[in-house]
Amino acid sequence: MSTQKVVIITGASQGIGAGLVEAYRRLGYAVVANSRSIKPSDDPSVIAVAGDIADPGTAEALVSTALERFGRIDSLVNNAGIFTAKPFTDFTAQDYQDNIDINIGGFFHLTQRVITRLLEQGDGGHIVNVTTTLVESANSGIPSVLASVTKGGLAAATKSLAIEYAERGIRVNAVSPGFIDTPIQGGASPEQLAQLHPNKRTGTVDDIAKGVVYLEQSPLVTGEFLHIDGGLSAGR
Ligand SMILES: NC(=O)c1ccc[n+]([C@@H]2O[C@H](COP(=O)([O-])OP(=O)(O)OC[C@H]3O[C@@H](n4cnc5c(N)ncnc54)[C@H](OP(=O)(O)O)[C@@H]3O)[C@@H](O)[C@H]2O)c1
């Protein structure tokens with residue numbers, strides 16, 4: 001069996017997820033990369049699995065592909081997510097369902113299957129959840145309660161899973177981005193995004209990838225939320 005480490009990354013077609021694919025490849029990992037629209041890669045160590053992460057069948061396909069193509073799973077980054085910003089009373093039933101199904105359901109279906117496999121392998125593993133600083137530091141200009149509900153759920157689950165599996169060598173961490181320059185920002189300029197951070201720096205995909213790599217390489221770190229947010233979580 002191959003000794004190459006293997007990571008599953010969701011939401012990997014663009015933005016933070018695409019940066020994470022490159023970062024894990026630089027670490028030597030084989031990657032199983034998912035999004036709804038993801039295209040096959042020229043890199044033989046990156047296997048794309050297209051599918052909606054809200055569908056348990058996608059989680060099944062990601063795990064079985066990792067095992068068939070690379071023989072094992074070491075890490076998972078739950079990065080796929082949607083962000084619906086609107087006043088609380090404007091949210092529709094569909095907004096609610098989509099946020100729950102993608103941001104929470106996607107995490108649940110896949111993480112459960114990956115942890116089951118990690119326990120079978122018996123040599124530990126690492127899960128990273130991508131949450132948001134808005135969970136702890138709400139912004140009156142960006143009302144987004146469904147992000148708070150769903151990403152806040154992931155943040156709480158990070159600690160809960162970290163403790164449940166600590167003695168079995170499975171670490172569970174989160175990165176908490178501020179405002180990162182990706183397509184999810186809907187065309188806001190890097191300069192506009194920088195103004196949302198206390199230190200007035202634009203957050204980049206590379207900033208988040210560096211944080212995930214740190215967590216990946218830090219055996220003593222579990223149950224941690226790594227804020228990568230230009231100081232937002234500290235105050236404003
Ligand atoms: N950028 C920020 O400032 C920021 C801040 C805090 C948290 N985050 C979080 O960081 C994560 C990545 O965000 P990003 O900024 O890189 O956003 P992005 O550029 O919009 O990328 C989102 C990725 O998720 C995929 N995706 C969306 N819905 C999916 C679904 N149902 N099933 C599978 N894949 C799906 C998208 O691809 P397809 O369309 O092909 O499915 C895409 O690859 C998200 O969870 C987001 O909430 C971002």
Side-chain angles (χ1 to χ4, degrees), residues 8-23 31-41 46 48-62 76-85 94-95 97-111 127-139 142 144-155 157-158 174-190 192-197 201-209 211-212 225-230 232-233:
I8 297 174
I9 300 172
T10 67
S13 61
Q14 63 178 31
I16 292 169
L20 290 174
V21 173
E22 290 175 23
V31 179
V32 178
N34 156 263
S35 88
R36 292 164 302 181
S37 68
I38 199 160
K39 302 284 179 294
S41 169
V46 178
V49 176
D52 188 334
I53 203 64
D55 176 358
T58 301
E60 205 66 51
L62 283 165
L76 161 65
V77 186
N78 287 307
N79 169 72
I82 56 170
F83 179 66
T84 321
Q94 193 63 52
D95 290 331
Q97 206 56 57
D98 289 346
N99 275 266
I100 296 292
D101 289 352
I102 297 168
N103 292 356
I104 295 286
F107 151 82
F108 180 81
H109 304 310
L110 184 55
T111 305
I127 315 285
V128 181
N129 297 318
V130 180
T131 171
T132 169
T133 293
L134 287 168
V135 166
E136 301 144 72
S137 177
N139 185 321
I142 311 171
S144 47
V145 162
L146 287 178
S148 303
V149 167
T150 57
K151 297 293 190 173
L154 290 192
T158 298
V175 285
S176 187
F179 296 93
I180 310 302
D181 185 18
T182 73
I184 213 171
Q185 299 295 355
S189 71
Q192 287 170 321
L193 294 174
Q195 293 311 308
L196 298 170
H197 289 155
R201 285 184 64 90
T202 305
T204 66
V205 165
D206 191 48
D207 288 315
I208 305 303
V212 174
F225 306 158
L226 180 57
H227 295 97
I228 307 173
D229 65 1
L232 266 179
S233 62

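All ligand and atom numbering here is 1-based and tracks the order in the structure. Computed from a prediction, not measured in an experiment: that's the story for all the values here.
Judged purely by atom type and a 3.5 angstrom limit, Thr132 has no side-chain atom pairing as donor or acceptor with the backbone of Val135. The main-chain N or O of Gly15 is never found under 3.5 Å from a side-chain atom of Thr182 such that the two would form a donor-acceptor pair. Under the 3.5 Å distance criterion, the side-chain polar atoms of Thr150 are left unmatched by any main-chain donor or acceptor of Ile100. Under a 3.5 Å cut-off, the side chain of Ser176 and the backbone N or O of Leu226 do not form any donor-acceptor pair.
In this structure, NZ on Lys151 lies 10.0 Å from CZ on Phe83, to the nearest 0.5 angstrom.
The closest protein non-hydrogen atom to atom 22 (C) of ligand 1 is Gly81 O, 4.2 Å. From the protein, the heavy atom lying nearest to atom 14 (P) of ligand 1 is Thr182 OG1, 3.5 Å. Scanning the protein for heavy atoms near atom 41 (O) of ligand 1, the closest one is Arg36 NE, 2.7 Å. Counting protein heavy atoms only, atom 18 (P) of ligand 1 is closest to Gln14 NE2, 3.3 Å. Summary of contacts: the protein heavy atom closest to atom 25 (C) of ligand 1 is Gly11 CA, 3.5 Å. Among all non-hydrogen protein atoms, the one lying nearest atom 40 (O) of ligand 1 is Ser37 OG, 2.4 Å. When only non-hydrogen protein atoms are considered, atom 42 (C) of ligand 1 lies nearest to Ser13 OG, 3.6 Å. Looking at atom 2 (C) of ligand 1, its nearest protein heavy atom turns out to be Gln185 NE2, 3.3 Å.
For Ile53, a nitrogen or oxygen atom sits less than 3.5 Å from a nitrogen or oxygen atom of ligand 1, counting backbone and side chain alike. Of the N or O atoms in Thr132, none lie within a sub-3.5 Å distance of an N or O in ligand 1. Every N/O-N/O distance between Gly17 and ligand 1 stays at or above 3.5 Å.
The closest approach between a heavy atom of Thr131 and any atom of ligand 1 is below 4.0 Å. At a 4.0 Å cut-off, not a single heavy atom of Gly19 sits close enough to ligand 1 to count as contact. Residue contacts with ligand 1 include Gly178, since one or more of its heavy atoms lies under 4.0 Å from the ligand.
Close contacts of ligand 1 with Phe179, meaning ligand atoms under 4.0 Å from a residue heavy atom, involve 3 (O). Every atom of ligand 1 with a heavy atom of Ala80 under 4.0 Å away is listed here by number and element: 24 (O), 34 (N), 35 (C), 45 (O). Residue Ile102 approaches ligand 1 through these ligand atoms, each under 4.0 Å from one of its heavy atoms: 31 (N). The atoms of ligand 1 that sit less than 4.0 Å from any heavy atom of Gly15 are 16 (O), 19 (O). The distance from ligand 1 to the heavy atoms of Pro183 drops below 4.0 Å at these ligand atoms: 19 (O). Distances below 4.0 Å separate heavy atoms of Asn79 from the following atoms of ligand 1: 10 (O), 11 (C), 12 (C), 44 (C), 45 (O). For ligand 1, the atoms lying closer than 4.0 Å to a non-hydrogen atom of Ser35 are 33 (C), 34 (N), 37 (O), 38 (P), 40 (O), 41 (O), 43 (O). Atoms of ligand 1 lying under 4.0 Å from at least one heavy atom of Gly51, given by number and element, are 32 (N), 33 (C).
Among Val130, Ile9, Ile16, Ile180, the residue whose heavy atom sits closest to atom 48 (C) of ligand 1 is Ile16. When the heavy atoms of Asp52, Val77, Val135 are ranked by distance to atom 30 (C) of ligand 1, first place goes to Asp52.
Taking each heavy atom of Glu136 and Ser233 in turn, the nearest pair found is OE1-CB, 4.4 Å. The nearest pair of heavy atoms linking Asp229 to His197 is O-CD2, 3.3 Å. When every heavy atom of Pro177 is checked against every heavy atom of Ile180, the shortest pair comes out as CB-CG1, 3.7 Å. Annotation for Ser35 and Gly11: closest pair CB-CA, 4.2 Å, computed over non-hydrogen atoms. Across Val49 and Leu62, no two heavy atoms sit closer than the pair CB-CD2, 3.7 Å. For Asn103 against Ala80, the heavy-atom pair with the smallest separation is OD1-O, 4.5 Å.
Contacts of Ala12 with ligand 1, taken as heavy-atom pairs under 4.0 Å, involve the backbone alone. Here Ile184 has heavy atoms under 4.0 Å from ligand 1 in both its backbone and its side chain. Contacts between Asn34 and ligand 1 below 4.0 angstrom, taking non-hydrogen atoms only, involve the side chain exclusively. The residue Phe83 has no part lying near ligand 1, judged by heavy-atom distances below 4.0 Å.
Under the 3.5 Å distance criterion, with hydrogens and angles disregarded, no donor-acceptor pair is assigned to the side chains of Thr58 and Asn34. Between Asp98 and Thr84, the side chains place no donor N or O within less than 3.5 Å of an acceptor N or O (distance only, hydrogens not considered).
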Decide side-chain contact (heavy atoms from CB on, under 4.5 Å) for His227 and Thr133; before the verdict, give the C-alpha distance in whole Å, the side-chain angles of both, and the deciding distance to 0.1 Å. CA-CA 7 Å; His227 295 97; Thr133 293; 4.0 Å; yes
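Qualifying side-chain contact (heavy atoms from CB on, under 4.5 Å) partners for Ala12, counting only residues two or more places apart in sequence or in other chains: Ile9, Val21, Ala33, Ile38. By the side-chain contact (heavy atoms from CB on, under 4.5 Å) test, Thr158 pairs with Asn129, Val172, Ala174, Phe225, sequence neighbours left out.
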